[in-house]
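Quick notes on the structure that follows.
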Amino acid sequence: MSQLDEFTTKLHRFGSPEKARNATRFFKTGVGDYGEGDIFIGASLPEIRKLIKSYTELPLSDIEILITSHIHEERLAALIMLVNQFRSGNEKTQAAIYDFYITHTKWINNWDLVDVSAEFIVGAWLENKDSKVLEELAHSPLIWERRIAVISTFYYIKKGNPNKALEIITILLYDKQDLIQKANGWMLREIGKRCSVEVERSFLDTHYKTMPRTTLRYAIERFPIAIRTHYLSK
């Protein structure tokens with residue numbers, strides 16, 4: 001049995017029909033929903049992370065089989081593997097993983113898949129490089145590429161630099177998709193928490209009257225009630 005077959009066999013042993021049913025509701029897999037048709041086996045994220053520790057060196061050829069799987073947890077496992085290998089790899093390895101990631105965004109097709117990987121691969125690789133690709137992703141017709149664009153900037157926010165995040169949020173500010181509006185608000189909130197509340201409030205003061213209410217509510221979540229009321233009442 002190959003390492004890949006061994007891994008998938010063990011992964012499926014974590015499956016739970018009840019957890020799978022809950023996941024299909026939580027990740028909106030119904031007709032017309034953002035996760036339409038996605039299939040879950042009911043393995044939890046902690047279980048997946050623990051199992052992966054014994055399979056840290058799977059080659060990209062095996063990871064490609066996982067990331068193109070119709071099983072959500074197999075795609076999730078592939079992305080966690082990529083993040084782990086990126087973190088421990090040299091520049092050549094990191095470049096290969098970044099290129100692999102960017103050419104497989106079609107399968108990074110739910111918010112948890114984006115959130116567990118984008119900042120750690122795309123954000124990390126583009127640091128101190130030309131990040132025009134984030135703007136290209138932000139203009140993509142594919143919702144998941146747009147979410148990759150904004151979530152990737154979390155890498156810079158965590159280092160105290162809000163500038164790239166504000167650029168991408170501005171591009172996506174009036175996106176009609178709820179998951180993009182939430183991501184924008186989340187990153188704005190994190191800018192206030194990790195970078196500068198003055199920078200966050202300056203952005204809000206410019207845009208709060210017209211920006212989507214979902215984004216605004218996420219952005220002001222940590223503010224005192226008087227400040228939240230100020231923004232929401234207008």
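The figures that follow rest on heavy atoms only: side chains count, while hydrogens, waters and symmetry mates do not. On a predicted model such as this, the values are computed, not experimentally measured, just so you know.
Among all heavy-atom pairs drawn from Leu173 and Pro212, the shortest one is O-CD, 3.2 Å. Of all non-hydrogen atoms in Asp5 and Met1, the two that sit nearest each other are CB-CG, 3.5 Å.
Here Thr153 contributes atom OG1 and Asn184 contributes atom CG; the two are 9.0 Å apart, rounded to the nearest 0.5 Å. Summarising the geometry, atom CD1 belonging to Ile65 is positioned 8.0 Å from atom OG belonging to Ser2; distances are rounded to the nearest 0.5 Å. Distance CG/Leu4 to OG1/Thr9: 9.0 Å, rounded to 0.5 Å. Ile151 CD1 to Leu137 CG: the interatomic distance, rounded to the nearest 0.5 Å, is 12.5 Å. Once rounded to the nearest 0.5 Å, the distance linking CD1 of Ile63 with CG of Leu82 reads 4.5 Å. Here the straight-line distance linking atom CG of Asn109 with atom NE2 of His72 works out to 8.0 Å at 0.5 Å rounding.
Looking only at atom types and distance, the side chain of Arg201 has a donor-acceptor partner in the side chain of Tyr231 under 3.5 Å away.
For Tyr55, the ring-ring contact (aromatic ring centres under 6.0 Å, His included) test picks out Phe7, with sequence neighbours left out. The side chain to side chain donor-acceptor pair (under 3.5 Å) check on Thr93 picks up Asn90, with sequence neighbours excluded. In this structure, Asn128 has no side chain to side chain contact (heavy atoms under 4.5 Å, CB included) partners at least two apart in sequence or on a different chain. Thr56 pairs by the side chain to side chain contact (heavy atoms under 4.5 Å, CB included) definition with nothing, not counting sequence neighbours.
Ring centroids of Phe86 and Phe120 are separated by 6.0 Å or more, keeping the two rings apart.
Judged as a salt bridge (Lys or Arg N to Asp or Glu O under 4.0 Å), the pairs with a partner in residues 25-50 (not counting sequence neighbours) are, in order, Asp38-Arg75. Within the structure, salt bridge (Lys or Arg N to Asp or Glu O under 4.0 Å) contacts touching residues 183-198 (residues at least two apart or in different chains) are Arg189-Glu221, Glu190-Arg194. Sequence neighbours left out, the pairs with a member in residues 144-159 that pass salt bridge (Lys or Arg N to Asp or Glu O under 4.0 Å) are Asp115-Arg147, Glu119-Lys158, Glu127-Lys159, Arg146-Asp175. Pairs of residues two or more places apart, or lying in two chains, never qualify as side-chain hydrogen bond (donor to acceptor under 3.5 Å, both in side chains) while including a residue from residues 77-88. Sorted by first and then second residue, the side-chain hydrogen bond (donor to acceptor under 3.5 Å, both in side chains) pairs involving residues 58-67 (not counting sequence neighbours) are Glu64-His104. Within the structure, salt bridge (Lys or Arg N to Asp or Glu O under 4.0 Å) contacts touching residues 176-186 (residues at least two apart or in different chains) are Asp178-Lys182. A ring pair (Phe, Tyr, Trp, His ring centres under 6.0 Å) check over residues 148-181, counting only residues at least two apart or in different chains, returns the pairs Phe154-Trp186.
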* To do: Take Ile169 and Phe203 through the side chain to side chain contact (heavy atoms under 4.5 Å, CB included) test and state the conclusion after the steps.
  => CA-CA 10 Å; Ile169 291 168; Phe203 186 92; 3.8 Å; yes
* Given Ile41 and Leu11, is the side chain to side chain contact (heavy atoms under 4.5 Å, CB included) satisfied, shown in steps? -> CA-CA 9 Å; Ile41 60 173; Leu11 176 63; 4.2 Å; yes
* Kindly indicate, with the supporting measurements, whether the criterion side chain to side chain contact (heavy atoms under 4.5 Å, CB included) is fulfilled by Trp107 and Leu79. => CA-CA 10 Å; Trp107 291 278; Leu79 290 162; over 6 Å; no
* Show your working on side chain to side chain contact (heavy atoms under 4.5 Å, CB included) between Leu66 and Met81 and close with a plain yes or no. => CA-CA 10 Å; Leu66 290 174; Met81 289 177 182; 4.0 Å; yes
* Asked: Can you list the steps and then say if Lys132 with Glu135 is a salt bridge (charged side-chain N to carboxylate O under 4.0 Å, His left out)?
  -> CA-CA 5 Å; Lys132 185 178 179 181; Glu135 297 172 24; over 6 Å; no
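Between the side chain of Thr105 and the backbone N or O of Ile108 there is no donor-acceptor pair closer than 3.5 Å. Thr29 contributes no side-chain N or O that, together with a main-chain N or O of Gly35, makes up a donor-acceptor pair within less than 3.5 Å. A distance-only check finds no donor-acceptor pair linking the side chain of Ser131 to the backbone of Leu134 [under 3.5 Å]. Side-chain N or O atoms of Gln3 include none that pairs as donor or acceptor with a backbone N or O of Leu58 at under 3.5 Å. For Ser233 (side chain) and Thr229 (main-chain N/O), a donor-acceptor pair under 3.5 Å exists by modelled atom type.
Here the side chains of Ile80 and Leu45 are in contact, with some heavy-atom distance below 4.5 Å. Counting only heavy atoms from C-beta outward, the side chains of Val122 and Leu126 approach each other to under 4.5 Å. Contact check for Leu166 versus Leu188: side-chain heavy atoms found under the 4.5 Å cut-off. Between Ile220 and Leu232 there is a side-chain heavy-atom pair separated by less than 4.5 Å. Ile148 has its side chain within reach of Tyr101: a pair of non-hydrogen atoms, C-beta onward, lies under 4.5 Å apart. In this structure, Ile157 and Cys195 have side chains that are in contact, with non-hydrogen atoms separated by less than 4.5 Å. Side-chain contact between Trp111 and Ile143 is absent, with no heavy-atom pair separated by less than 4.5 Å. Here the side chains of Val83 and Val116 are not in contact, with every heavy-atom distance at 4.5 Å or above.
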Compile the donor-acceptor pairs under 3.5 Å between side chains in residues 12-20 and protein atoms, sequence neighbours left out, one pair per line.
{"residue": "His12", "atom": "NE2", "partner": "Glu74", "partner atom": "OE2", "Å": "2.7"}
{"residue": "Ser16", "atom": "OG", "partner": "Lys19", "partner atom": "N", "Å": "3.2"}

